[in-house]
Amino acid sequence: MDGNSDCGKSLSIDWDTDDELEIESMPFSSGVGPATACQEAFAGCGEAGSSNGSQTSRTIHHFVGMGFPKDMVVRAMKENGEKDIEAILEALLTYSAIEDLPLEEEHVSDDSCSSKCASNHPDLLSDQNNFPIDEENTHYSIDKDGTISVLVEMGYQAEEASIAIDRCGLDTPVAELSDFICAAQMAKEADFHLEKHTEAYIPKDKRKILRTEAWNLKRPKGIVKEQMVQDDEEFRLPNPMTGFGVPSETWNIVHRTLPEAALGPPYFYYENVAMTPRGVWSTISRFLYDIAPEFVDSKYFCAAARKRGYIHNLPIHNRFQILPPPPLKIHETFPHTKKWWPSWDARDQLNCLLTCVGSAKLTERIRNKLEESAGEPPVHVKKYIMEQCKRWNLIWVGKNNAATIEPEEIEILMGFPVNHTRGVNRTDRFKALGNAFQVDTVGYHLSVLKSLFPGGINLLSLFSGIGGAEVALHRLGIPLKNVVSVELSEPCQTIVRNWWEETNQKGNLIHVADVQEVTAERIAQWISRFGGFDLVIGGSPCNNLAGRNHVSRDGLEGKHSSLFFDYFRILDLVKSMMSQY
DNA sequence: CCAATAATGAGAGTAGTT
DNA sequence: AACTACTCTCATTATTGG
């Protein structure tokens, strides 16, 4: 596909104009820069001194994690002493400024890679066959033990190395493994900084007591809560959760100042659940160029709640809704339920649509309880039924019939075409829809792109799922020129492909299964082919963040949710490559 | 201030079905 | 045997109500 014809236009957008001015009326604490945050995290870790490995190696991989090449870090430490973190950082910043060159040797002949980020990817230049191009820390290996020992030499713990290899794959370049470990480390230490780390090893029932004790110990009485929250760099969820404005309440639309590093191209849009374990959003924000999250509840866009945080560098004025806007009440959305809705069920909106729904047995139990009591049921029965209805989002579709919501109905609520997910089994439909964007909400935020890209956009869609981003852009009337959609689930891929056909898309759709396959080299190829990406969008897995998960709510380090670091890695690569244009 | 309440893109194991 | 549906599990947050 061509699609390059008006790339010049896409890239000539003036990123420094207008709305990066004035007021910040959101109740966020202002984030600190990544460097400062890392230092603090480091200090916190050092004080506690609980992990193995020498101070030196930890210092090294800390700075490597911040994006400085290892040899430069070593040099800075030699010249400034190993303990003066401030001086080392200062020196590193100076070197980088002086050299103003790609920082790692293998990048010398190539200027398309970041010179300041954690993602220095040697595979940009190496050929596809994993040739050992070597130079210090760029080894390729096919045996795990060998790779581990290389990483250990670099100052990592064997256990970390092993996890990284399992996670990234055996043939992953060492530098990439190093990136992975650093990213995980930074997250871990950020958590540690927030005094969560120790809790992982304490039985759950004792946590509450210990936390209270630690809290009291650390903070003298009389310090107001806001102050403590500020100290811990927490983001507080706004109430009402309307972000920079929703259609019904547009008066709080404001201008905002974005940190310079956050400016595009490309524009980017990141999404995840609002209610995460403590400290997760501040970590995400720190990685995503210190942009404060915009927390929005989709109950202002449709008849179901959906509390999500969005981090993006889009303009925020002149937003508009996808038309027609869906109704906000259950009875308007599903008129057939009105007839059967008991007077004592006061709900007019649904709770968050999840990945699984209640069983038919539950509906049966509720029916039985209601039939036992002729007329209005007793208070305790009503209470039980209401609990179940709210928990499982049941709707009244017949006499005494509180049924689970159908996939088609979820599609309507989520802003997808009816039967968008048809063709895969019911369970998978619920799962995919439960994980999807609410199209009207995301569309509202993305609407500002329409006037910026009249000729359409090139889209990099990570963790695409059932294509919420694509559907939102299409419904906004923004043509999709080239779309790279990264999604592991086959049913989801099929759904997006089918939608692409059914809506007669003129553009070019490329599917990639695994974010791990999105290497610097492939990104470089796409960018040169398409003339760059205009939008990098994605919501990384929330499994380990979601409140409903009592089993493995491990935070950003979790098995699935750690894929956030791939979002960052890929975004940062695109950013640095695009800045070369 | 504290206790009760409500909400929450889940996961693992098991029973039932094709 | 593979797939699908159901049950049981129980924690961390934010909010509400006194």
Side-chain angles (χ1 to χ4, degrees), chain A residues 27 191 194 196 199-200 202-208 211-212 215-216 221-222 224-225 229 232 234-241 271-281 295 297-299 304-310 346-347 349-365 383 386-393 404-405 407 410 413-414 416 421 424-439 441-442 463-466 468 489-492 538-555 558-561 563-564:
Chain A
D191 271 357
L194 300 174
K196 274 223 74 179
E199 291 186 4
I202 294 169
K204 290 166 183 174
D205 55 333
K206 293 194 176 167
R207 289 184 182 184
K208 203 170 183 179
R211 181 186 300 140
T212 314
W215 196 251
N216 294 340
K221 282 181 184 172
V224 290
K225 202 174 181 183
V229 166
D232 278 356
E234 291 280 336
F235 288 107
R236 295 184 64 185
L237 299 179
N239 187 11
M241 199 180 274
E271 179 261 10
N272 216 320
V273 292
M275 285 180 271
T276 63
R278 279 208 169 80
V280 167
W281 271 110
F295 291 107
D297 189 336
S298 293
K299 73 179 182 183
R306 200 167 186 82
K307 297 179 183 68
R308 295 294 180 269
Y310 305 90
R347 293 176 301 156
Q349 288 197 306
L350 294 168
N351 279 335
C352 186
L353 299 162
L354 306 176
T355 55
C356 40
V357 293
S359 59
K361 293 271 166 63
L362 176 60
T363 300
E364 198 52 41
R365 276 199 292 270
K383 185 165 181 278
M386 282 317 299
E387 275 172 12
Q388 297 303 316
C389 284
K390 287 177 182 174
R391 178 166 184 191
W392 295 108
N393 263 334
T404 61
I405 198 160
I410 301 182
L413 286 164
M414 298 288 284
F416 289 90
T421 59
V424 298
N425 76 57
R426 221 174 122 85
T427 314
D428 283 349
R429 286 180 80 175
F430 286 125
K431 191 167 184 175
L433 285 162
N435 284 320
F437 285 163
Q438 205 288 323
V439 169
T441 313
V442 172
F463 316 107
S464 316
I466 57 174
S489 150
E490 275 188 40
C492 286
S540 65
C542 67
N543 313 28
N544 310 115
L545 310 178
R548 279 304 286 265
N549 182 359
H550 310 315
V551 182
S552 55
R553 200 183 187 197
D554 302 328
K559 187 179 169 191
H560 306 284
S561 295
L563 288 171
F564 161 73

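Every chain is numbered from 1 and lettered A, B, ... according to where its sequence line falls, protein lines coming before strand lines.
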Chemist: May I ask you to evaluate whether A:Ser359 reaches the phosphate of C:dT7, defined as a side-chain N or O under 4.0 Å from OP1 or OP2?
Modeler: yes
Chemist: Would you indicate which nucleotide in C:dT7, B:dG11, C:dC10 comes nearest to any side-chain atom of A:Arg365?
Modeler: C:dT7
Chemist: In this structure, how many angstroms lie between the P atom of B:dT18 and the CZ atom of A:Arg426, rounded?
Modeler: 15 Å
Chemist: For A:Glu387, is the CD atom crowded, meaning more than 12 foreign heavy atoms sit under 6.0 Å from it?
Modeler: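 Count over threshold, so yes.
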Chemist: What's A:Ser540 touching, base or sugar-phosphate or nothing? Going by heavy atoms closer than 4.0 Å.
Modeler: base
Chemist: Using a heavy-atom cut-off of 4.0 Å across all strands, would you classify A:Lys431 as base, sugar-phosphate, or nothing?
Modeler: nothing
Chemist: Once you round it to whole Å, what is the distance between C1' of B:dT8 and CZ of A:Arg553?
Modeler: 8 Å
Chemist: Please report the distance, rounded to the nearest Å, between CE in A:Met241 and P in C:dA14.
Modeler: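 From A:Met241 CE to C:dA14 P: 9 Å.
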Chemist: Among C:dC10, C:dT16, B:dG11, which is the nearest nucleotide to the side chain of A:Ser552?
Modeler: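 Side chain of A:Ser552 sits closest to B:dG11.
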Chemist: With a 4.0 Å limit, can you tell me whether A:Thr355 has a side-chain N or O closer than that to the phosphate oxygens OP1/OP2 of B:dA10?
Modeler: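 It does, given that an N or O in the side chain of A:Thr355 lies less than 4.0 Å from OP1 or OP2 of B:dA10.
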Chemist: Could you check how far CG of A:Leu237 sits from P of C:dT13, rounded to whole Å?
Modeler: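 These atoms are roughly 11 Å apart.
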Chemist: Looking only at side-chain atoms of A:Asn543, point me to the closest of C:dA14, B:dG11, C:dT16.
Modeler: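 Comparing C:dA14, B:dG11, C:dT16 against the side chain of A:Asn543, the answer is B:dG11.
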Chemist: Is the phosphate of B:dT8, meaning OP1 or OP2, less than 4.0 Å from a side-chain N or O of A:Asn351?
Modeler: yes
Chemist: What's the shortest heavy-atom distance between A:Leu545 and A:Pro277, and which atoms?
Modeler: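 For A:Leu545 versus A:Pro277, the nearest heavy atoms are O-CD, 3.5 Å.
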Chemist: If we ignore hydrogens and angles and just use 3.5 Å, is the side chain of A:Gln438 paired with the main-chain N or O of A:Gly468 as donor and acceptor?
Modeler: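 Side chain of A:Gln438 to backbone of A:Gly468: no pair is present.
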Chemist: Contact class for A:Gln438 (heavy atom, under 4.0 Å): base, sugar-phosphate, or nothing?
Modeler: nothing
Chemist: Check whether any side-chain nitrogen or oxygen of A:Arg278 sits under 4.0 Å from OP1 or OP2 of C:dT13, and answer yes or no.
Modeler: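 Result: yes.
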Chemist: Whole angstroms only, please: what is the CZ-C1' distance between A:Arg347 and B:dA6?
Modeler: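 In whole Å, B:dA6 C1' and A:Arg347 CZ are 14 Å from each other.
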Chemist: Looking only at side-chain atoms of A:Lys361, point me to the closest of B:dA10, C:dT7, C:dT4.
Modeler: C:dT7
Chemist: Using only heavy-atom distances, determine whether the side chains of A:Thr421 and A:Arg429 contain a donor-acceptor pair under 3.5 Å.
Modeler: yes
Chemist: Side-chain N or O of A:Lys307 less than 4.0 angstrom from OP1 or OP2 on B:dA7?
Modeler: no
Chemist: Output the rounded distance in Å from CZ (A:Phe235) to C1' (C:dT13).
Modeler: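 Rounding to the nearest Å, CZ of A:Phe235 and C1' of C:dT13 are 17 Å apart.
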Chemist: Between A:Ala360 and A:Asn549, which is nearer to the 5' end of DNA chain C once each is assigned its nearest nucleotide?
Modeler: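 This one resolves to A:Ala360.
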Chemist: Rounded to whole angstroms, how far apart are CG on A:Asn272 and C1' on B:dA10?
Modeler: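 Whole-Å distance recorded here is 14 Å.
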Chemist: Using a cut-off of less than 4.0 Å, is there contact between a side-chain N or O of A:Asn425 and OP1 or OP2 of C:dC3?
Modeler: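 Checking A:Asn425 against C:dC3: no side-chain N or O falls below 4.0 Å of OP1 or OP2.
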Chemist: Compare all side-chain heavy atoms of A:Met241 with those of A:Arg308 and state whether any distance is below 4.5 angstrom.
Modeler: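 No; the side chains remain at least 4.5 Å from each other.
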Chemist: Would you write the dot-bracket representation of DNA chain C, where each base gets (, ), [, ], | or . depending on whether it forms a Watson-Crick or G-U pair under 3.5 Å and with which partner?
Modeler: |||||||||.||||||||
Chemist: Once rounded to the nearest 0.5 Å, what's the spacing between atom CZ of A:Phe463 and atom CG of A:Asn272?
Modeler: 9.5 Å
Chemist: Can you measure A:Arg391 atom CZ to C:dC10 atom P for me and round it to whole angstrom units?
Modeler: 12 Å
